[in-house]
Amino acid sequence: MENKFSKAYILGSGELPYMVAQICREYTENITVIEIKLSDGSFLEKKCSSESIDYMALSKDEITSLLLAEADESLIISASSTYLVPKCIIEKSNFFIINWHNALLPAHKGRNAECWAIFEGDSLSGITWHMLSGDVDGGDILLQKKIPITESTTALSLFKEQTEAGRDTFKEMAHNLFKKDIKTFPQGVATKNQMHYSKDVPNNGILNLNWDYDKTSCFLRSMDYGALKLMGSPKVIIDGETYKFRKYELILNYEEYIAQAKSDNLIDIALDSSGFIGTDYLLIKGSKAILLKRLKREE
Amino acid sequence: MKEQIIGILDDIGEGMFDGSTNFIEDGLIDSYQMVELVEVFEDCFNIEISGRDIIPDNFVSVESIEAMLSKYVED
């Protein structure tokens, strides 16, 4: 396989850097995966070790020093990385640097794009491979892939799909990338300001009881990272008390749901208005409903 | 508890976990499956597992899963 680079550095965390490293191996053996040093064990480190892929856990300053000292022609792939590549690295003429972002740029730049795409009710998300310009998630686009957002898409499921799309599209462009034969096109202009920061949480993590079903569903699914709770547990304020809840159920046809529950002898009362059922809270929204499960009052 | 963990892994992996000495390095559990497993354990044992414990070292074997869960499950 043709390769114009002496080395490939892959920066990032999670599954994608490992997937990308596996693809890069078809072109070069000189691969180093670099992850920002974590206090706990690293999944990526274990995966790389099992495949004998060079792996380093470094601080952001150490990554910068390492790359500044690199004199060889290198391909740098930032894939699910929180390291913002500084201008002094971007400007190095021996580097070709690309970044994976989990949105259809220029939409949803910054952090947790999967969460914001769902919360804002987008019908489409996707991924973008792009060059680095020095602005966060700026730079000309190499490749994009769309991913539909459905009524059952959660932040975790979307991120997983985006990771898989990142792997598939990288495989698709790897041949031309290693030949340095890549065409790019500029990012358009975003229709609204969509820069998200790590401190940002949809509606500060609080479910608004006045939202309609669709907005409530978008909020709950955008906060849903499964057990990871990256955005924390969602909260709801009922009669002046704040409750955290762990799980939820979206009920698309409430009438059928109740009929089924009655026939299964799960309930023996008519539930025709929103309210507590034990530690759960039922929110009826027209013909649909949402069950917030295991509410815990905050002290 | 060990039997329940083995039962859950059997249900999910259909025997795939048998004979593995390291679920992570053998590629049997990826980071998403780790999160899914946590949810199954949370429901099964009626516990809430801290994000600090959702790390690969706690998911390399039945024994490491058991050690992690035993912090949450009362005898």
Side-chain angles (χ1 to χ4, degrees), chain A residues 12-19 21-22 35 37-53 55 57 79-80 114 154-164 166-167 223-234 244-249 278-279 293-296, chain B residues 1 4-13 16-74:
Chain A
S13 282
E15 299 286 334
L16 187 59
Y18 169 71
M19 293 169 171
Q22 283 184 312
E35 184 170 32
K37 210 177 272 176
L38 302 168
S39 52
D40 298 319
S42 160
F43 201 91
L44 182 57
E45 180 179 14
K46 292 201 183 308
K47 299 280 263 191
C48 288
S49 142
S50 70
E51 296 273 330
S52 304
I53 295 169
Y55 168 90
S80 196
E114 68 287 354
T154 66
L156 184 66
S157 73
L158 180 55
F159 191 79
K160 187 178 179 192
E161 280 189 78
Q162 289 166 330
T163 300
E164 287 162 357
R167 174 200 58 204
M223 295 281 292
D224 186 353
Y225 285 87
L228 282 180
K229 301 183 188 76
L230 280 191
M231 292 285 177
S233 296
K244 270 206 300 199
F245 55 96
R246 294 177 53 198
K247 299 194 184 229
Y248 64 92
E249 185 178 348
T279 58
K293 295 181 172 179
R294 299 186 218 170
L295 268 65
K296 238 186 209 172
Chain B
M1 185 198 297
Q4 282 169 289
I5 297 169
I6 292 170
I8 288 169
L9 293 176
D10 275 349
D11 283 348
I12 291 170
M16 205 169 67
F17 291 90
D18 297 347
S20 170
T21 52
N22 190 318
F23 300 157
I24 305 288
E25 288 184 3
D26 291 346
L28 300 178
I29 297 180
D30 66 19
S31 54
Y32 301 105
Q33 287 156 339
M34 195 160 71
V35 175
E36 284 164 11
L37 263 180
V38 166
E39 294 208 307
V40 176
F41 291 135
E42 284 186 337
D43 287 342
C44 175
F45 296 107
N46 196 23
I47 54 174
E48 189 168 358
I49 296 170
S50 160
R52 283 193 299 274
D53 279 325
I54 309 175
I55 55 171
D57 283 347
N58 288 337
F59 291 84
V60 294
S61 62
V62 170
E63 288 72 26
S64 66
I65 294 172
E66 186 181 20
M68 184 264 297
L69 291 178
S70 63
K71 293 198 291 186
Y72 298 93
V73 180
E74 289 169 17

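All values below were derived from every heavy atom in this structure, side-chain atoms included, with hydrogens, water molecules and symmetry-related copies excluded. Not measured: the values here are computed from a predicted model. Lettering of chains follows the sequences in order, A, B, ..., and the numbering in each one begins at 1.
In plain terms, the two heavy atoms of B:Ile29 and A:Phe43 that are nearest each other are O-CZ, 3.1 Å. Closest approach of A:Tyr225 and B:Val35 over heavy atoms only: O-CG1, 3.9 Å. When all heavy atoms of B:Pro56 and A:Ser42 are compared, the pair lying nearest together is CG-C, 3.6 Å.
Within a 6.0 Å radius of NZ in A:Lys244, no more than 12 heavy atoms belonging to other residues, nucleotides or ligands are found.
Between B:Glu39 atom CD and A:Leu228 atom CG the span is 8.5 Å, to the nearest 0.5 Å.
Taking the charged nitrogens against the carboxylate oxygens, A:Lys47 and B:Asp30 have no contact shorter than 4.0 Å, which rules out a salt bridge. Ion pairing between a basic and an acidic side chain is recognised when a charged N comes within 4.0 Å of a carboxylate O; A:Arg294 and B:Asp43 show such pairing. For the pair A:Lys229 and B:Glu48, the salt-bridge criterion is met [side-chain N within less than 4.0 Å of a carboxylate O].
Using a 4.5 Å cut-off between heavy atoms, B:Asp53 does not touch chain A at all.
With chain A as partner, the option from B:Asp26, B:Ile54, B:Val38 having the largest number of non-hydrogen pairs under 4.5 angstrom is B:Ile54. When the candidates B:Val60, B:Ile49, B:Ile47 are compared by the number of heavy-atom contacts under 4.5 Å with chain A, B:Ile47 comes out ahead. Comparing A:Gly226, A:Ser49, A:Ser157 by how many heavy-atom pairs each has under 4.5 Å with chain B, the most go to A:Gly226.
Using modelled atom types, one side-chain atom of A:Glu15 and one backbone atom of B:Ser31 make a donor-acceptor pair closer than 3.5 Å.
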For this session: Apply salt bridge (charged side-chain N to carboxylate O under 4.0 Å, His left out) to the pair A:Arg246 and B:Glu42, showing each step before the final yes or no.
Result: CA-CA 11 Å; A:Arg246 294 177 53 198; B:Glu42 284 186 337; 3.1 Å; yes
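In summary, the side chains of B:Tyr32 and A:Thr163 do present a donor paired with an acceptor at a separation below 3.5 Å, with no hydrogens or angles considered.
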